[in-house]
Amino acid sequence: MPTLVRKSLGEYRRALIGWTVGLCAFLGMYISIYASMMNDPETFSKQAIAKYPGAFKDLMGGMSDIATGRGYLQAVAYQLLGPLLFTMCAAILGNRAIAGPEEAKTLELTLTLPIDRRRLLLERWAALALGLLAVALVTLAVATGASSAAHMEVPFGGILAAHTGLFLLVLFFGTLTLCVGAAFGRKQVALAVVGVWGVAGYIVETMGRSIDAISWLRWLSPVHYYLDGRPLYQGWPYGDYLVLLGATAVLLMTALLAFERRDVGV
Amino acid sequence: MTAVVETEGLTKFYGARRGLEDLTLEIRPGEVFGYLGPNGAGKTTTIRLLLDVIRPTSGRATVLGAGTRDPRVRARIGYLPGELALEGRERARNYLQFLADVRGGVSRGRIDELAERLDADLSVRMGELSKGNKQKVGLIQAFMHEPELLILDEPTSGLDPLVQQEFLAMVREARTAGHTILMSSHVLAEVEHVADRVGIVRAGRLVAVEDIAALRERAVRHVELHFDAPVPRESFDGLPGVRDVVVQGTSLRCTIDGRPDALIKAAARYTVVHMVSAEPDLEEIFLTYYSEEEGRHAHAGA
């Protein structure tokens with residue numbers, strides 16, 4: 001493994017462990033509630049669900065089949081909270097690549113090493129991607145284990161497809177944070193961009209289903225390419241995932257070009 | 001011999017603010033070059049340009065025969081940043097090892113040897129290092145790979161006097177080994193004992209480049225002479241290079257520019273019982289440069 005990737009992973013280690021533990025605890029707890037819910041079918045009966053406002057149900061991805069294993073797993077893990085938490089993790093790590101060290105002024109000495117800037121950025125990104133992949137793999141195992149322990153009867157293929165989408169989504173947002181940080185060198189700017197694009201993208205994707213006026217905006221939402229194909233139900237939405245990957249590649253190229261020509265630490 | 005550092009019309013503006021303007025400078029192999037100026041004069045800007053941390057607005061610079069954009073050349077440079085930041089839970093020794101690996105390795109025991117000389121504890125986590133110890137770690141990483149060119153930005157800040165002495169010894173050793181050193185400071189006293197030449201930068205412009213020996217020659221000296229009997233003031237009037245003469249009974253105080261020869265010859269006619277000559281104050285001559293330059297600017301502006 002290249003020195004800088006290893007070094008960056010070492011720097012991310014504590015954060016990675018913390019976020020992995022947190023995400024696993026979240027998934028384990030929420031998924032295990034399913035079993036007790038099944039003992040009390042009243043909670044999520046058709047009549048109970050009908051009482052929720054329509055907009056809320058839209059935001060939560062419909063909730064029409066929340067009493068089934070698949071519907072519940074989608075609603076609690078893959079719809080909102082899972083992506084939200086994992087994206088926060090990706091944004092925090094993405095900021096550790098360039099903007100964080102630059103603000104802390106530790107980047108200056110790294111830049112004066114005999115490494116060109118492109119390689120520095122690529123290796124930092126590789127460490128970010130590997131770190132997120134590690135978190136994704138562990139959480140995939142926990143999601144699979146917990147859902148089978150709760151007798152949700154969701155096939156592994158569906159979980160794997162949904163979890164891959166989740167990984168691609170957070171890789172996109174992590175790369176976005178890194179890219180804005182590489183271009184401007186400010187953590188707050190990067191977090192603001194990710195926050196606005198992420199939240200607006202989520203709202204547009206979920207509410208846009210029933211509001212025509214903003215429906216076309218869904219194409220601009222990264223969340224669209226994660227949610228629209230319903231991978232937990234329908235398996236791999238290859239086209240959507242390729243869009244996420246392609247957008248990530250474009251962001252990475254932008255980061256390389258922006259970082260290459262910028263004054264650092266000014 | 002080709003210059004180790006060569007700049008031509010090197011200019012850097014931060015937006016409308018001038019960082020450095022039209023710097024043309026040559027640093028020769030094997031010399032210690034003191035780069036002097038008050039804070040904010042453009043010293044750090046110059047250094048960051050040489051290391052490609054920032055990019056020039058115009059002009060060009062070569063370091064060790066290559067353009068500053070060539071990353072390979074940086075393996076042969078040791079750099080101590082002016083604002084050295086070391087953070088995190090990593091231990092200083094591991095960080096140094098990482099830097100050494102990226103630069104292509106250092107000879108065995110070199111890090112420990114330097115740590116011992118500077119009395120630095122490398123088992124401490126970097127975020128917990130004191131300011132002085134951070135500076136020591138910074139010096140170790142700059143010197144450890146025995147680079148051909150050392151670029152040190154305010155190297156002695158935060159060091160106690162004993163460590164400063166050790167640092168100066170390290171600089172001299174590097175020069176003996178044929179390496180070149182560029183060190184910046186805002187006070188001349190910090191570099192005058194090791195530097196061969198000094199460049200003086202002010203408000204983004206290089207004002208003067210001087211040989212330290214020549215500077216010393218021209219330095220201002222305060223001299224006090226005591227005689228066995230009162231001396232007439234007239235004997236000391238109009239001596240070349242002697243000014244501010246004050247005679248009080250048997251003692252005489254004056255300031256000499258450059259050589260003390262005329263004063264000594266004049267005083268030799270009387271019986272001198274005691275003589276005090278302060279160390280040449282290079283700081284003073286250094287400051288004259290500033291005020292002259294300032295005068296010229298004021299004049300040009302009027």
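Remember, predicted model here, so these are calculated numbers, not experimental data. Convention: sequence-line order gives letters A, B, ...; per-chain numbering from 1.
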A.B. asks: Side chains of B:L86 and A:T106: does their closest heavy-atom pair fall under 4.5 Å?
C.D. replies: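 Side chain of B:L86 against side chain of A:T106, heavy atoms only: no contact under 4.5 Å found.
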A.B. asks: Which distance, rounded to the nearest 0.5 Å, do you find between the CD of A:E108 and the CG of B:L51?
C.D. replies: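 Rounded to the nearest 0.5 Å, the CD-CG separation comes to 8.0 Å.
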A.B. asks: What's the spacing between B:I54 CD1 and A:R262 CZ if we round to 0.5 Å?
C.D. replies: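 Here the rounded value is 12.0 Å.
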A.B. asks: Does the side chain of B:K12 come within less than 4.5 Å of A:D263's, by heavy atoms?
C.D. replies: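 Yes; the side chains approach each other to less than 4.5 Å.
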A.B. asks: Quick check: does any side chain N or O of B:R72 sit under 3.5 Å from a backbone N or O of A:P114, one acting as donor and the other as acceptor?
C.D. replies: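 Such a contact is absent between B:R72 side chain and A:P114 backbone.
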A.B. asks: If I measure from the heavy atoms of chain A, does B:R76 come under 4.5 Å with its side chain, its backbone, both, or neither?
C.D. replies: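 When you check distances to chain A, no heavy atom of B:R76 falls under 4.5 Å.
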A.B. asks: For B:E87, is it the side chain, the backbone, both or neither that has a heavy atom under 4.5 Å from a heavy atom of chain A?
C.D. replies: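 For B:E87, backbone and side chain are both near chain A.
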A.B. asks: Taking NZ, NE, NH1 and NH2 as the nitrogens, is one of them in B:R69 or A:E260 under 4.0 Å from a carboxylate oxygen of the other?
C.D. replies: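 A salt bridge is present here (some side-chain N lies under 4.0 Å from a carboxylate O).
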A.B. asks: Heavy atoms, side chains only, cut-off 4.5 Å: are A:L113 and B:Y79 in contact?
C.D. replies: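 Side chain of A:L113 against side chain of B:Y79, heavy atoms only: no contact under 4.5 Å found.
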A.B. asks: Show your working on side-chain contact (heavy atoms from CB on, under 4.5 Å) between B:D52 and A:L111 and close with a plain yes or no.
C.D. replies: CA-CA 8 Å; B:D52 196 40; A:L111 273 186; over 6 Å; no
A.B. asks: Looking at chain B, which one of A:R261, A:K105, A:K7 has the largest number of heavy-atom pairs inside 4.5 Å, strictly under?
C.D. replies: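 Top count of heavy-atom pairs under 4.5 Å with chain B: A:K7.
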A.B. asks: How many angstroms lie between atom CD of B:E90 and atom CD of A:E11, to the nearest 0.5 angstrom?
C.D. replies: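 Rounded to the nearest 0.5 Å, the CD-CD separation comes to 6.5 Å.
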A.B. asks: Given side chains that start at C-beta, do those of B:I77 and A:T112 come closer than 4.5 Å, heavy atoms only?
C.D. replies: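 B:I77 vs A:T112: side chains apart.
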A.B. asks: In terms of heavy-atom proximity below 4.5 Å to chain A, should B:L84 be classed as side chain, backbone, both, or neither?
C.D. replies: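 Looking at B:L84, just its side chain touches chain A.
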A.B. asks: Taking ring pair (Phe, Tyr, Trp, His ring centres under 6.0 Å) as the definition, give me every residue that meets it alongside A:Y34, ordered by chain and number, with sequence neighbours left out.
C.D. replies: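 By the ring pair (Phe, Tyr, Trp, His ring centres under 6.0 Å) rule, A:Y34 matches A:Y72.
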A.B. asks: Identify the two heavy atoms, one from A:D116 and one from B:P71, that lie closest to each other, and give their separation to 0.1 Å.
C.D. replies: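 Closest pair (atom of A:D116, atom of B:P71, distance): CB-CG, 3.6 Å.
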A.B. asks: For the residue pair B:A85 and A:A104, what are the closest heavy atoms and their distance?
C.D. replies: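 Nearest pair, atom of B:A85 first, then A:A104: CB-O, 3.1 Å.
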A.B. asks: If I measure from the heavy atoms of chain A, does B:Y14 come under 4.5 Å with its side chain, its backbone, both, or neither?
C.D. replies: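 Contact with chain A involves the side chain of B:Y14 alone.
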A.B. asks: Name the residue from A:T110, A:T3, A:L109 that meets the side-chain contact (heavy atoms from CB on, under 4.5 Å) definition with B:L99.
C.D. replies: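 Passing option: A:L109.
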